[in-house]
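Quick note: numbers below take in every heavy atom, side chains included, and nothing from hydrogens, waters or symmetry partners.
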Amino acid sequence: MNQLVDGEWRTDAYETTNADGAFERGTTTFRNWVAGSDVPAHVDAEPDERFQPEAGRYHLYVSYACPWAHRTLLARSLLGLEDAIGVSVVDPWRGEDGWQFSPEKDGCTPDRLHGSDYLRELYVDADPDATCRVTVPVLWDTKEGTIVNNESREILRMLSTAFAELGNGASLLPAPDDEATVADVDDAISDIYEPINNGVYRAGFATSQDAYDEAIDDLFEALDRWNDHLADQRYLVGDSLTEADICMFTTLVRFDQVYHTHFMCNRKFVHQYDHLWPYLRDLYQTPGVAETVNMSHIKEHYYTTHPDVTPSGIVARGPDLDFDDAHDREELDGTAPTPTAGD
């Protein structure tokens, strides 16, 4: 796989699977926190006073195709941070040169800050000797001229906390009067990460039958468990839509269109689940969510960017799903993020 090594782009830098054929995701590199962030207990870091939350100062680099970047787009939209934080969108197709900017392509933009051709140029600007993968999302600070963070879960928490006063007053964390806590949200995000969020990749990129079988067993055991959990609960944690639902949504919305076929996660479709499917439609129909979903970018990226999985580059058609169909989950207790009065 491709990455930067001492600031130079390499196309043979690392393997994505171990000796047993199991997929191993690389770690992200830039892990600073904006001042005022609530840093989760499991993270060994402190907010950095260099990075003050100011409207217009920060910029997100994303791909509509990437589920990790999609998390940050969802939070930005639901929290009303569109005017406070700018966005640049890369091409869904990723070749040997990594993520690139193709402003002539529908849904893509130029690098609105630097005019770069490739995302890796930003990484080298931030660290001329960088040795790392070049991934989205990226949270860029225009004042310091560097990358603050490129770990989606951490950017998500920063948007929820450090930038809260710059948005619409909505929240993606439990309210003080909710029986659930922020720790419960963190536990749920951790619980769904390995078997579900990363599980589809573990299945799709496995190079041995045993590694694939283990990933599939973990994935569908977790999907079955969360399906049961949602039978009488509108959202994953407590009485409101939280960061945990965002992390689940970005995998589920891609599942039937991409992961089921492309990554051979074909034991069952999400639309065949009694509760996960209405839950997914409920989230999709939440104001601010649907406009962050670009299915054409999603399908183009997966089917054309992984030649080891789909060497033909043919984009699968279907299934035809109606995300706007009635879901009836408003009968359950729970509320979507709501802007404060007057916003």
Side-chain angles (χ1 to χ4, degrees), residues 1-14 25-37 45-66 68-73 75-76 81-105 107-159 162-163 166 301 305:
M1 289 291 290
N2 310 335
Q3 72 168 54
L4 289 168
V5 177
D6 297 328
E8 297 294 328
W9 187 246
R10 292 270 301 276
T11 59
D12 59 349
Y14 73 100
R25 183 173 297 280
T27 57
T28 46
T29 306
F30 295 90
R31 307 295 285 274
N32 293 307
W33 285 76
V34 174
S37 300
E46 295 289 338
D48 191 327
E49 293 301 313
R50 290 182 300 158
F51 304 114
Q52 294 294 321
E54 302 169 11
R57 174 171 171 173
Y58 297 91
H59 199 81
L60 275 171
Y61 287 89
V62 301
S63 164
Y64 282 122
C66 172
W68 317 106
H70 193 180
R71 295 177 172 188
T72 65
L73 281 173
R76 175 178 176 267
L81 292 169
E82 294 96 331
D83 292 336
I85 302 174
V87 166
S88 293
V89 182
V90 297
D91 192 321
W93 180 78
R94 187 184 64 206
E96 284 197 350
D97 286 315
W99 294 111
Q100 66 185 43
F101 295 97
S102 304
E104 73 284 354
K105 198 167 183 175
C108 302
T109 74
D111 174 359
R112 289 175 163 144
L113 293 183
H114 309 94
S116 306
D117 293 320
Y118 297 98
L119 187 65
R120 66 174 189 261
E121 296 172 46
L122 276 72
Y123 278 70
V124 175
D125 285 345
D127 179 3
D129 298 317
T131 296
C132 62
R133 297 166 59 236
V134 174
T135 61
V136 286
V138 168
L139 181 64
W140 180 274
D141 178 11
T142 61
K143 185 174 181 178
E144 293 291 329
T146 193
I147 296 172
V148 180
N149 197 294
N150 68 334
E151 171 54 52
S152 66
R153 180 173 177 178
E154 296 179 3
I155 296 173
L156 179 58
R157 181 56 51 85
M158 289 181 226
L159 298 180
F163 291 91
L166 302 179
H301 169 71
T305 296

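Across all their heavy atoms, Pro137 and Ile155 have their closest contact at CG-CD1, 3.8 Å. Shortest non-hydrogen contact noted between Val89 and Thr109 is N-OG1, 2.8 Å. Of all heavy-atom pairs between Gln3 and Cys132, the closest is CB-O, 3.2 Å. For the residue pair Val134 and Trp99, the shortest heavy atom distance occurs at O-CD1, 3.5 Å. Contact between Arg10 and Asp12 at its shortest, heavy atoms only, is NE-OD1, 3.0 Å. Smallest separation of non-hydrogen atoms from Thr72 and Ser152: CG2-O, 4.2 Å.
Residues Pro92 and Cys108 meet the side-chain proximity criterion, which asks for heavy atoms closer than 4.5 Å. Between Val90 and Val62, every side-chain heavy-atom pair lies at or beyond the 4.5 Å cut-off. At a threshold of 4.5 Å between non-hydrogen side-chain atoms, the residues Trp68 and Arg153 do not count as touching. With contacts defined as side-chain heavy-atom distances shorter than 4.5 Å, the pair Pro53/Phe163 qualifies.
The backbone N or O of Glu96 sits less than 3.5 Å from a side-chain atom of Asn2, completing a donor-acceptor pair. For the pair Ser37 (side chain) and Pro47 (backbone), a donor-acceptor distance under 3.5 Å is absent. With hydrogens and angles disregarded, a donor-acceptor distance shorter than 3.5 Å links the side chain of Thr142 to the backbone of Arg57. Arg76 places a side-chain N or O within 3.5 Å of a backbone atom of Ile85 that can act as its donor or acceptor partner. With hydrogens and angles disregarded, a donor-acceptor distance shorter than 3.5 Å links the side chain of Arg112 to the backbone of Val87. Between the side chain of Ser63 and the main chain of Ala65, a donor-acceptor pair closer than 3.5 Å is present. Side-chain atoms of Thr305 come within 3.5 Å of backbone atoms of Arg94 as a donor-acceptor pair (strictly under, hydrogens ignored).
Here the CG-OG1 distance, from Asn149 to Thr29, works out to 10.0 Å after rounding to the nearest 0.5 Å. Rounded to the nearest 0.5 angstrom, Leu73 CG and Leu60 CG are separated by 7.0 Å. The distance from the CG atom of Leu122 to the NE2 atom of His59 is 8.5 Å, given to the nearest 0.5 Å. How far CH2 of Trp33 is from CE of Met158: 5.0 Å, rounded to the nearest 0.5 Å.
For Asp6, the side chain to side chain donor-acceptor pair (under 3.5 Å) test picks out Thr131, with sequence neighbours left out. Every residue meeting the side chain to side chain donor-acceptor pair (under 3.5 Å) condition with Glu49, not counting sequence neighbours, appears here in chain and number order: Gln52. Under the rule for a side chain to side chain donor-acceptor pair (under 3.5 Å), Glu8 has no partner lying at least two apart in sequence or in another chain. Asp48 pairs by the salt bridge (charged side-chain N to carboxylate O under 4.0 Å, His left out) definition with Arg50, not counting sequence neighbours. Considering only residues two or more places apart in sequence or on other chains, Val148 meets the side-chain contact (heavy atoms from CB on, under 4.5 Å) condition with Asn32, Val34, Phe51, Tyr58, Leu139, Asp141.
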Test log, rule side-chain contact (heavy atoms from CB on, under 4.5 Å), inputs Phe101 and Ser116
CA-CA 7 Å; Phe101 295 97; Ser116 306; 4.2 Å; yes
Exercise. Does the pair Tyr64 and His301 meet the rule for a side-chain contact (heavy atoms from CB on, under 4.5 Å), with working shown?
Worked result: CA-CA 9 Å; Tyr64 282 122; His301 169 71; over 6 Å; no
>> Please evaluate residues Asp111 and Tyr118 with respect to the criterion side chain to side chain donor-acceptor pair (under 3.5 Å), reporting the C-alpha separation (whole Å), side-chain torsions for both, the decisive distance (0.1 Å), and the verdict.
In response: CA-CA 9 Å; Asp111 174 359; Tyr118 297 98; over 6 Å; no
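Within the structure, every pair that satisfies the ring pair (Phe, Tyr, Trp, His ring centres under 6.0 Å) test and touches residues 120-141, not counting sequence neighbours, is listed here: Phe30-Tyr123, His114-Trp140.
A salt bridge links Glu154 with Arg31: the closest approach of a Lys/Arg side-chain nitrogen to an acidic carboxylate oxygen falls below 4.0 angstrom.
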